Amino acid sequence: MVAKIIDGKNFAKTLRVKITRKVSEIRNSQGEVPGLAVILIGEDPASEVYVRNKARQTSEVGMESFKHILDAQVSESNLLALIDEVNNNELIHGLLVQLPLPEHIDSERVINAIVPQKDVDGFHISNVGLLSTGQKAMIPCTPLGCKLMLLNHHGSLSGMNAVVVGRSNIVGKPMANLLLQENCTVTIAHSRTRDLPAVCREADILVAAVGRPNFIKGNWIKPGATVIDVGINRIDNPDPKISRPKLVGDVDFAEASQVAGAITPVPGGVGPMTIACLLANTVTSFCRTKGLAEPNWVEE
Ligand code: GUN
């Protein structure tokens with residue numbers, strides 16, 4: 001079997017069209033647009049690229065973009081003061097503090113200082129609790145993007161066996177909660193799981209979020225399964241003529257795509273969906289604040 005490629009790049013484009021339409025509707029009815037603020041600390045080149053992309057896409061869908069770039073040495077109290085200012089700014093409906101933060105700053109304290117309604121990353125402890133109890137939460141962007149692609153591909157996920165490899169707070173745990181809400185039977189596997197290949201082979205839906213290049217092999221995959229590869233790993237380019245690194249996922253794509261029924265590529269799979277979902281969450285936050293009907297990004 002040769003797997004269908006789930007085209008995240010194209011899917012994200014379609015989602016951005018829906019967001020643009022919704023923002024335009026909001027502008028016409030409310031006379032204002034949702035605003036997204038991003039705080040970046042220090043000069044990590046990969047983070048700078050992310051933040052630039054986020055700002056560009058925010059403007060492209062018609063929303064207001066606010067960018068704060070702080071010195072790597074900024075004190076935690078100054079950062080908390082800026083978060084407080086953003087929390088109280090009525091023009092801003094979503095705030096993302098780019099991670100990782102410098103060592104001298106307590107990430108948990110910073111994340112939990114964001115008002116939960118503006119926490120478009122869904123990392124605040126209140127949003128984590130709301131999601132895990134099935135209440136109205138802000139959903140972390142990467143798992144939300146994976147869920148939207150899965151629902152688009154399958155219609156319903158009810159009764160399917162889902163295995164999530166990876167137990168991070170950003171991807172693994174919220175992903176498992178979302179799949180549970182969709183009535184999957186969910187297993188969270190990780191580096192200490194006994195006989196991981198056998199556990200993976202039970203999966204109708206396999207989500208890989210371990211951060212290890214090409215870790216999941218073709219013979220770990222149940223024939224016909226849907227494979228969602230969250231990994232973005234930079235490895236030395238196998239072509240010695242190309243000096244720049246190659247991006248690969250956590251799944252050995254060449255092998256897996258011969259066995260799976262459907263698979264997300266890297267790049268061009270989950271990655272583009274993450275930023276699109278950040279924009280979607282900002283619109284959702286605006287609608288909740290204003291008491292407007294919430295967009296349903298699955299159906300619209
Ligand atoms: N750094 C890399 N990915 C993310 C993300 O999704 N959110 C935040 N806040 N920081 C990140």
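Just so you know, ligand 1 is whichever comes first in the structure, and atom 1 is the first atom listed for that ligand. Computed from a predicted model, the values in this text were never measured in an experiment. When a residue number appears, it is its place in the shown sequence, counting from 1.
When heavy-atom distances to ligand 1 are checked against 4.0 Å, the residues falling inside are Leu96, Val97, Gln98, Leu99, Asp121, Phe123, ordered by chain and number.
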Notebook entry, point to check: Going through the checks in order, is the salt bridge (Lys or Arg N to Asp or Glu O under 4.0 Å) test met by Lys147 and Glu182?
Noted result: CA-CA 9 Å; Lys147 180 183 114 164; Glu182 295 302 321; 3.6 Å; yes

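With hydrogens and angles disregarded, a donor-acceptor distance shorter than 3.5 Å links the side chain of Asp229 to the backbone of Asp250.
The existence of a salt bridge linking Arg109 and Glu76 is confirmed by a sub-4.0 Å separation between a basic side-chain nitrogen and an acidic carboxylate oxygen.
Among all heavy-atom pairs drawn from Ile216 and Ala208, the shortest one is CD1-CB, 3.7 Å.
For the side-chain contact (heavy atoms from CB on, under 4.5 Å) with Thr142, the lone residue among Asp121, Val171, Ile228 that qualifies is Val171.
Scanning for side-chain hydrogen bond (donor to acceptor under 3.5 Å, both in side chains) contacts around Gln98 gives Lys54, with sequence neighbours left out.
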